[in-house]
K.L.:
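Would you mind keeping the following structure in view while I ask a few things?
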Amino acid sequence: MTTTPNTSTESAPASPGRPLPARPMLIAGGAGHTGSRVAARLIAAGQPVRIASRSTTERLDWTDPSTWPAALDGTSAAFIAYSPDLAFPGVPEILFGFAERARQAGLRQLVLLSGRGEPGARDSVEAVRAAGVPTTALYSAWFAQNLSESFLVEQVLAGEIALPAPDVAEPFVDLDDLAEVAALSLTSDGHADRDYQLTGPAALTFAEAGRMIGDAIGSRIRYRPVSRAQFAAAGTAAGLPAADANGLAELFAAVLDGRNSLPSTDLEQLLGRPATAFGVFVERAAAGGAWTVGSGADA
Ligand SMILES: NC(=O)c1ccc[n+]([C@@H]2O[C@H](COP(=O)([O-])OP(=O)(O)OC[C@H]3O[C@@H](n4cnc5c(N)ncnc54)[C@H](OP(=O)(O)O)[C@@H]3O)[C@@H](O)[C@H]2O)c1
């Protein structure tokens with residue numbers, strides 16, 4: 001994200017005779033693609049939030065446990081978007097420590113953003129649950145917004161999506177749907193300790209996704225399978241630390257094998273409406289200038 005989020009949405013202290021204000025909910029990793037959307041939904045519903053990451057006023061750094069108490073203390077529950085990826089080695093240990101501290105701070109619920117079909121991501125969910133705070137796991141498909149505001153936007157603009165995988169079908173989930181489920185999980189009963197599989201309504205291949213975006217913006221976007229080394233090299237050239245680029249290459253090569261192609265109906269059941277179709281995402285993103293050169297999307 002290129003903008004600094006407003007992190008000042010906590011309520012003022014109650015005055016005498018007035019009810020105590022609601023404790024804020026923590027949005028950990030809240031400056032990013034998912035957290036900012038979850039925060040916006042909670043704020044719109046009148047729920048105070050505390051957004052925390054390395055760049056916010058209430059600083060939270062996953063690699064620095066000394067920052068965790070100030071982020072957690074005084075909050076009632078938390079949404080967690082771990083960055084760079086909760087499936088990476090060593091993350092279950094970090095998230096267990098964070099969830100332990102959350103239990104000590106008295107949080108009643110955690111909602112953890114996770115990935116579908118990734119053994120490392122499941123380990124992270126289990127580590128968080130082991131700390132004892134009821135935890136909702138959002139096992140999510142690939143975000144449609146990876147193509148419009150995240151690490152694939154430059155590839156789309158260059159006319160070629162290149163991943164270390166065959167052209168498998170993926171039921172891309174829209175981040176606004178995901179954020180709605182996260183906010184619902186935090187603000188209504190019955191979601192603690194539940195597992196949700198969050199996908200779009202149908203699977204399409206990366207070549208099909210590229211064609212649909214290309215049709216909308218009047219260009220040709222093809223799909224090219226590349227080796228892990230090629231994908232990792234492109235990632236480091238784009239500014240990723242080598243360890244993260246290699247980790248993502250390994251992760252994508254492993255999980256983009258068709259294991260996650262089947263869509264789930266969890267999102268529709270939770271929201272009482274169909275999940276957003278990829279075509280609708282494309283229309284909205286194109287109308288919002290996502291693929292207009294100079295629109296400011298962070299690659
Ligand atoms: N992309 C997908 O298709 C997909 C699908 C399923 C699951 N997921 C999972 O989603 C998670 C990422 O979510 P996202 O895309 O919403 O996140 P994101 O936008 O990539 O990042 C969220 C925020 O994390 C903060 N951050 C980075 N390093 C940090 C650190 N060391 N300590 C504290 N904060 C840090 C950054 O803000 P600051 O710079 O301010 O710190 C960033 O804005 C990953 O765990 C991934 O496995 C992704």
Side-chain angles (χ1 to χ4, degrees), residues 1-7 26-40 51-68 70-72 78-92 94-95 97-98 111-125 127-128 137-153 161 163 165 170-179 181-182 196-200 206 209 235 239-241 243-244 247-248 250-252 254-256 260 264 267 278 281 297-299:
M1 291 282 288
T2 50
T3 54
T4 303
N6 174 10
T7 60
L26 173 65
I27 313 293
H33 300 101
T34 314
S36 58
R37 286 174 162 89
V38 176
I51 299 168
S53 66
R54 295 165 306 177
S55 63
T56 56
T57 318
E58 294 82 2
R59 192 167 165 275
L60 166 71
D61 189 338
W62 298 119
T63 65
D64 180 1
S66 74
T67 64
W68 301 350
L72 285 161
F79 172 77
I80 301 172
Y82 182 90
S83 195
D85 200 299
L86 87 167
F88 283 0
V91 179
I94 294 173
L95 285 176
F98 186 75
V111 174
L112 178 61
L113 174 58
S114 187
R116 278 182 106 203
E118 301 171 4
R122 184 163 285 281
D123 289 348
S124 280
V125 172
V128 167
L138 306 183
Y139 289 105
S140 300
W142 267 54
F143 306 158
Q145 280 81 357
N146 290 343
L147 295 150
S148 63
E149 58 187 76
S150 185
F151 67 99
L152 292 180
V153 73
I161 301 168
L163 295 168
E170 173 67 26
F172 297 94
V173 67
D174 190 287
L175 272 184
D176 289 309
D177 287 354
L178 194 162
V181 169
Y196 297 130
Q197 299 283 328
L198 302 184
T199 76
F206 286 90
L240 275 183
D244 293 354
L248 289 177
E250 292 301 322
L251 181 64
F252 294 164
V255 299
L256 290 175
N260 293 328
S264 156
L267 201 146
F278 191 80
F281 151 74
D298 58 320

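Just so you know, these numbers use all the heavy atoms, side chains as well, and skip hydrogens, waters and symmetry mates. Both ligands and their constituent atoms are indexed starting at 1 by order of listing. As the structure is a prediction and not an experimental result, all values here were calculated from the model.
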K.L.:
Can you list the atoms of ligand 1 that are under 4.0 Å from a heavy atom of Leu86?
P.N.:
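This gives 45 (O), 47 (O) as the contact atoms.
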K.L.:
Out of Ser124, Ala144, Ser83, Ala179, whose heavy atom sits nearest atom 20 (O) of ligand 1?
P.N.:
Ser83
K.L.:
Would you kindly specify which portion of Ser150 sits under 4.0 Å from ligand 1, judged on non-hydrogen atoms: side chain, backbone, both or neither?
P.N.:
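It is neither part, as no heavy atom is under 4.0 Å.
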K.L.:
Report yes or no: does Ser53 contribute a side-chain atom to a donor-acceptor pair with the main-chain N or O of Leu60 at less than 3.5 Å?
P.N.:
no
K.L.:
Identify, by atom number and element, the atoms of ligand 1 in contact range of Ala141, meaning under 4.0 Å from any of its heavy atoms.
P.N.:
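Listed by number with element, the hits are 5 (C), 6 (C).
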K.L.:
Please work out whether any backbone atom (N, CA, C, O) or any side-chain heavy atom from C-beta onward of Ala121 is under 4.0 Å from ligand 1, and answer side chain, backbone, both or neither.
P.N.:
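Neither; no heavy atom under 4.0 Å.
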K.L.:
What do the steps show when you test Phe88 against Asp244 for side-chain contact (heavy atoms from CB on, under 4.5 Å), and what is the final call?
P.N.:
CA-CA 9 Å; Phe88 283 0; Asp244 293 354; 3.9 Å; yes
K.L.:
So Asp85 and Leu248, do their side chains get closer than 4.5 Å, heavy atoms only?
P.N.:
yes
K.L.:
Any idea how Phe172 and Phe206 line up, ring-wise: parallel (<30°), tilted (30 to 60°), or perpendicular (>60°)?
P.N.:
perpendicular
K.L.:
Strictly under 4.0 Å, does any heavy atom of Gly30 approach an atom of ligand 1?
P.N.:
no
K.L.:
Measuring only between side-chain heavy atoms, which start at C-beta, is Val125 closer than 4.5 Å to Val128?
P.N.:
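No, their side chains stay 4.5 Å or more apart.
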K.L.:
Between Leu113 and ligand 1, find which residue part has any heavy-atom pair under 4.0 Å and reply side chain, backbone, both or neither.
P.N.:
side chain
K.L.:
Could you measure the distance from the CG atom of Asp61 to the CH2 atom of Trp68? Nearest 0.5 Å is fine.
P.N.:
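So the gap between those two atoms works out to 9.5 Å.
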K.L.:
What pairs meet the salt bridge (Lys or Arg N to Asp or Glu O under 4.0 Å) rule with one or both residues in residues 29-38, with sequence neighbours excluded?
P.N.:
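For residues 29-38: Arg37-Glu149, Arg37-Asp176.
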K.L.:
Specify side chain, backbone, both or neither for Leu60, according to which of its non-hydrogen atoms lie closer than 4.0 Å to ligand 1.
P.N.:
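The answer is the backbone of Leu60.
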K.L.:
What are the atoms of ligand 1, with element, lying closer than 4.0 Å to any heavy atom of Tyr82?
P.N.:
11 (C), 12 (C), 44 (C), 45 (O)
K.L.:
Could a heavy atom of Ala87 be found less than 4.0 Å from some atom of ligand 1?
P.N.:
no
K.L.:
At the 4.0 Å heavy-atom cut-off, does Pro84 count as touching ligand 1?
P.N.:
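The answer is yes: ligand 1 sits under 4.0 Å from a heavy atom of Pro84.
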K.L.:
Below 4.0 angstrom from a heavy atom of Trp142, which ligand 1 atoms are there? Numbered from 1 as shown, please.
P.N.:
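Heavy-atom distances to Trp142 below 4.0 Å select 3 (O).
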K.L.:
Check whether any N or O atom of Ser140, backbone or side chain, sits under 3.5 Å from an N or O atom of ligand 1, and answer yes or no.
P.N.:
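Among all N and O atoms of Ser140, none is under 3.5 Å from an N or O of ligand 1.
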K.L.:
Show every donor-acceptor pair shorter than 3.5 Å between a side-chain atom in residues 112-119 and any protein atom, with sequence neighbours excluded, or say none if there are none.
P.N.:
residue : atom : partner : partner atom : Å
Arg116  : NE   : Gln197  : OE1          : 2.9
Arg116  : NH1  : Asn260  : O            : 2.8
Arg116  : NH1  : Leu262  : O            : 3.2
Arg116  : NH2  : Leu262  : O            : 2.9

K.L.:
Check step by step if side-chain contact (heavy atoms from CB on, under 4.5 Å) holds for Leu178 and Asp174.
P.N.:
CA-CA 6 Å; Leu178 194 162; Asp174 190 287; over 6 Å; no
K.L.:
Would you say Thr199's side chain and Pro171's backbone share a donor-acceptor pair under 3.5 angstrom?
P.N.:
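Side chain of Thr199 to backbone of Pro171, a donor-acceptor pair under 3.5 Å: no, none is there.
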K.L.:
Ligand 1 versus Asn146, non-hydrogen atoms closer than 4.0 Å: side chain, backbone, both, neither?
P.N.:
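The part of Asn146 near ligand 1 is the side chain, not the backbone.
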K.L.:
Do ligand 1 and Glu118 have nitrogen or oxygen atoms that lie under 3.5 Å from each other?
P.N.:
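Looking only at distances, the answer is no, because the N/O contact criterion of under 3.5 Å is not met.
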K.L.:
Provide the number and element of each atom of ligand 1 under 4.0 Å from a heavy atom of Ser114.
P.N.:
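Here the atoms of ligand 1 in question are 6 (C), 7 (C).
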K.L.:
Look at atom 30 (C) of ligand 1 and find which of Tyr139, Phe172, Trp62, Phe88 reaches it with the closest heavy atom.
P.N.:
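Considering heavy atoms of Tyr139, Phe172, Trp62, Phe88, the nearest to atom 30 (C) of ligand 1 sits in Trp62.
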K.L.:
Indicate the ring-plane relationship of Phe252 and Trp142, choosing parallel, tilted or perpendicular according to the 30° and 60° boundaries.
P.N.:
tilted
